[in-house]
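The structure appears right after this line, and notes come after that.
Ligands are counted one by one from 1 in listed order, and the atoms in each one are counted from 1 as well. The shown structure was predicted, so the numbers you read here are calculated from the model rather than taken from an experiment.
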Amino acid sequence: MRTLVLNSGSSSVKFRLYDGDRVVDRGTVERIGEPGDAPKDHEAALAQIMAGLDLGGLAAVGHRVVHGGLRFAEPTLINDEVVAGIRGLVPLAPLHNPGNLAGIEVARRLLPDVPQVAVFDTAFHRTLPPEAATYAIDADVARRHNIYRFGFHGTSHAYVSRRTARLLGRDLADTNTITLHLGNGASACAVEGGRSVATSMGLSPLEGLVMGTRSGDLDPAIVFHLRRTAGMGVDEIDDLLNQHSGLVGLCGVNDMREVLARRADGDGAAALAFAVYCRRIRSYVGSYYALLGRLDAITFTAGVGENAAEVRAAALDGLERLGIAVDAGRNTSGSGERVVSPDGSPVAVCVVPTDEEGEIAEQTRGVVAARG
Ligand code: ADP
């Protein structure tokens, strides 16, 4: 059974073709709509992708959708009504859902007989208890405008927390893990027995950890101050906090490899950016440890989490009294799924490469199989 996984962003489409759970083709089409010989729209991009693929025996298409709102708690077979539901969520995810929708609509047109499934970044976090999903603002305003913590990267947190329990030979239902997805975007999640009970991204992916270009947590009054005192418009502030903050705002580069290289060369701005980044991770680990009460594992994943030993070491340095330690030798060697804490540590520190596309493919196959 073949499954095509599509991740359609505003200007790019990433795809992977699976035969069973094996990847048989993959690629990315970028710069959609830009001048030059790039495809002029999503329709052209997907037509280009499909022309190059062997889609014989294609049983399903799985689409990554960023925002599923309050409604979508599960991977969902797509029909007109589901498309309308995803469109209704565009105001909550103006940077993400439109690209996802474009991919869905074009794929449905080009492959009308193949079932299509939406897999939502927010779905895993629908288990957040009310006290975790609720912002302490006027309750009527929140209700009227759908202001809740939704959380993102759910596909990754779900996959990585499951693999962590397996790696440790534990029952998922009896494992409490803090998962740290540190890519260009970054988020933390407290997973209690396989269920998300706290996560650092909120209404949008802007909240929480320091990211490549996003600020993460800040005093909301900064926004008023920029509006009133600096005279910036709302779109300008949105752009500042989403595109020109985080690592790039602090030291001019958003790629952690470059931050580490500059820091090693004695660049003060890069050293400060690294310190702010790691301190934020550490404070979420402390917070989620307290929320969980008992912690079995901390797992690092995504580009930074899987590769940057310095970040893992600095974020967790000196926490032995909490049962948390990183073994210097293990942390700087090895690859794939691994434990980097010393033997016998009360809390296992793990590295688990994420596989969001593989997880989307698996969930898509599940929906199609259940449909019979
Ligand atoms: P995305 O969120 O776009 O899926 P990734 O999970 O691939 O991103 O993470 C991308 C980031 O990972 C890069 O911007 C870079 O900062 C970081 N990264 C990748 N490789 C390394 C490495 N060897 N050392 C440190 N950071 C790395």
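Electrostatic pairing of D138 and R144 does not count as a salt bridge here, judged by no charged N lying under 4.0 Å from a carboxylate O. In this structure, E359 pairs ionically with R162, as a charged nitrogen and a carboxylate oxygen lie closer than 4.0 Å. At a threshold of 4.0 Å, the pair E310-R263 does not count as salt-bridged, since none of the basic side-chain nitrogens sits closer than that to a carboxylate oxygen. A salt bridge links D140 and R143; the closest N-O separation between the charged side-chain nitrogens and carboxylate oxygens is under 4.0 Å.
If you check the side chains of D239 and H244, you find a donor sitting under 3.5 Å from an acceptor.
In this structure, ligand 1 sits under 4.0 Å from heavy atoms belonging to G183, N184, G185, D255, M256, R257, A302, G303, V304, N307, A308.
The aromatic rings of H67 and F150 lie perpendicular to each other, with more than 60° between the two planes, well past the 30° mark.
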